[in-house]
Amino acid sequence: MGTALTSHSAVMIEQSEHWCQAFHDWSCGAIAVRDLVTREPLAVLNISSWRKGLPLSARRWLEKSAAHTQNSLRKRAQDSGSELLAAYADARGQSTRPLVAVDPAGAVVIADDVASVMLGVPANMPAVDPVVRWTPQLPSLIHAARYATKQATSDPGWTGSTQIFTSLADQPSLIGIRPVFLHGYLIGHLISFGASDDEQFPQTEIGAVMPGKARRIVALREENRMVLLGTAEVAVAESDGSQVWLHTDEGRLPAALSGLDKLETDLADTGGFLRVHRQYLVNLSRVREVERHDKGELLLVMDDPENTMIPVSRRNTAAVRRALNI
């Protein structure tokens, strides 16, 4: 069960494969059920068999059971997204300040015209479904949202404000954060740009991480063997459906987690990774060359052993130019 908590797929361990010798009489299978918004594990489903292997159908049963449970959680998350949209619409009618609604993990549900430019996300495009929400290109805003989630979970009456830097100004912008609840359950935050009378918390409290700070990305060498990679070892993360592939100095390895959006969110506070295409998340420090085509399209050449070439989508071109100072 402990191994399943770190994996985004079913884990099957036969008798002597257990690290603890006392469990060598057991064959076990487990899978984590995760929150669709935060991707944090909520529970683990486990099957154990005494002195014999599990049937081949056990893995499929675990996967189907977890998927069934998460479908119910997805419906709840969609309902929460709709309620957050309603709260946004109400606040939008009472203020002219730039406004964005984010979920507890900091993903954007909707942003107005001005806020969308600062965050690098589409304007006025609701993302109720948690799997299609936008990841803001401002790590500090994600930090602030997650800090607010922590504070509001322990104190439902909490509101706050802090300062963050955006690409539109040389000076930091003040943001105000107001948590939104549904039936006593935190569903997200409304974040406005401009003056605020809420309790201020310093930038150092929102978990800021300087680019290059040590972090681990978990890859799989074999089904039950994990590789712990430093962020500097990963040049590109590539999405292939729900599977994420990592381009590393050791070759192409499957990531332990599923979904590029989840990895992007996990690495947002490092400041070193940027989503350049719906299929690609790149390590900016591993970009070796930039090719510019006739119509302005950009192609990134990475410094991994294969010199992987990554296309930049039109919607991300401006963000890439800013990040690389070109």
Side-chain angles (χ1 to χ4, degrees), residues 1-13 17-20 23 26-48 54 58-81 102-107 129-133 135 142-143 145-154 182 184-188 207 209 215-229 231 237 239 241-244 246 253-270 281:
M1 288 186 287
T3 304
L5 288 171
T6 67
S7 175
H8 285 251
S9 59
V11 175
M12 312 300 291
I13 299 179
E17 292 177 339
H18 282 286
W19 291 351
C20 179
F23 296 151
W26 293 92
S27 292
C28 304
I31 191 168
V33 176
R34 296 180 178 273
D35 185 289
L36 268 295
V37 174
T38 65
R39 302 304 300 169
E40 293 299 319
L42 301 174
V44 176
L45 301 177
N46 182 79
I47 305 175
S48 296
L54 289 169
R59 174 189 289 273
R60 182 60 180 160
W61 184 89
L62 285 167
E63 291 172 343
K64 289 180 65 177
S65 298
H68 178 74
T69 303
Q70 293 192 167
N71 281 338
S72 298
L73 294 174
R74 182 172 182 173
K75 177 62 169 62
R76 186 181 72 173
Q78 289 173 331
D79 291 343
S80 297
V102 301
D103 65 23
D129 192 327
V131 302
V132 297
R133 290 176 185 168
T135 299
I142 297 176
H143 298 318
R146 292 179 179 177
Y147 176 86
T149 294
K150 179 181 177 181
Q151 296 300 108
T153 300
S154 59
L182 177 63
Y185 176 74
L186 179 68
I187 61 173
V209 178
R215 180 70 64 82
R216 295 292 185 182
I217 302 174
V218 182
L220 300 176
R221 180 88 67 187
E222 300 168 3
E223 182 177 337
N224 295 318
R225 186 174 182 182
M226 293 179 285
V227 183
L228 305 181
L229 299 166
T231 53
S239 173
S242 61
Q243 178 66 64
V244 175
L246 305 174
L253 298 172
L257 54 72
S258 60
L260 193 60
D261 289 342
K262 168 60 178 171
L263 181 61
E264 181 184 11
T265 300
D266 287 350
L267 296 175
D269 60 4
T270 67
L281 180 69

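The side chain to side chain donor-acceptor pair (under 3.5 Å) search around Asp79 returns Lys75, not counting sequence neighbours. Every side chain to side chain donor-acceptor pair (under 3.5 Å) that Ser48 has, sequence neighbours left out, goes to Asn46. Asp35 pairs by the salt bridge (Lys or Arg N to Asp or Glu O under 4.0 Å) definition with nothing, not counting sequence neighbours. Checked against ring pair (Phe, Tyr, Trp, His ring centres under 6.0 Å), Phe23 has the following partners two or more places apart in sequence or in another chain: His18. With sequence neighbours left out, Ser65 forms a side-chain contact (heavy atoms from CB on, under 4.5 Å) with Leu45, Trp61. Qualifying side chain to side chain donor-acceptor pair (under 3.5 Å) partners for Arg60, counting only residues two or more places apart in sequence or in other chains: none. Listed by chain and residue number, nothing satisfies the side chain to side chain donor-acceptor pair (under 3.5 Å) test with Ser239 (two or more places apart in sequence, or in another chain). Ala107 is linked by a side-chain contact (heavy atoms from CB on, under 4.5 Å) to Asp103, Arg133, counting only residues two or more places apart in sequence or in another chain. Under the salt bridge (Lys or Arg N to Asp or Glu O under 4.0 Å) criterion, Arg76 pairs with no residue, sequence neighbours left out. Every residue two or more places apart in sequence or in another chain that forms a side-chain contact (heavy atoms from CB on, under 4.5 Å) with Thr69 is listed here: Val33.
Using a 4.5 Å cut-off on side-chain heavy atoms (C-beta onward), Arg59 and Glu63 make contact. With contacts defined as side-chain heavy-atom distances shorter than 4.5 Å, the pair Val227/Val218 does not qualify. Here the side chains of Leu263 and Ile217 are in contact, with some heavy-atom distance below 4.5 Å.
The two residues Ala219 and Leu246 make their nearest non-hydrogen contact at CB-CD1, 3.9 Å. In this structure, Leu42 and Leu73 approach most closely via the heavy-atom pair CD1-CD1, 3.7 Å. Across all their heavy atoms, Ala145 and Val102 have their closest contact at CB-CG2, 4.0 Å. Closest approach of Glu264 and Leu281 over heavy atoms only: CA-CD2, 3.8 Å. Shortest non-hydrogen contact noted between Leu62 and Ala30 is CD1-N, 3.6 Å. Val44 and Ala4 make their closest contact through CG1-CB, 4.3 Å (heavy atoms, listed as atom of the first residue, atom of the second, distance).
Rounding to the nearest 0.5 Å gives a distance of 6.5 Å between CD1 of Ile47 and CE of Met12. The line from NZ of Lys150 to CZ of Arg146 is 13.0 Å long, rounded to the nearest 0.5 Å. Within the model, atoms CG of Leu257 and CD of Gln243 stand 9.0 Å from one another, a figure rounded to the nearest 0.5 Å. With values rounded to the nearest 0.5 angstrom, Leu186 atom CG is found 9.5 Å from Ser80 atom OG.
Under the 3.5 Å distance criterion, the side-chain polar atoms of Ser27 are left unmatched by any main-chain donor or acceptor of Leu54. Checking side-chain atoms of Gln70 against main-chain N and O of Arg34 turns up a donor-acceptor pair under 3.5 Å.
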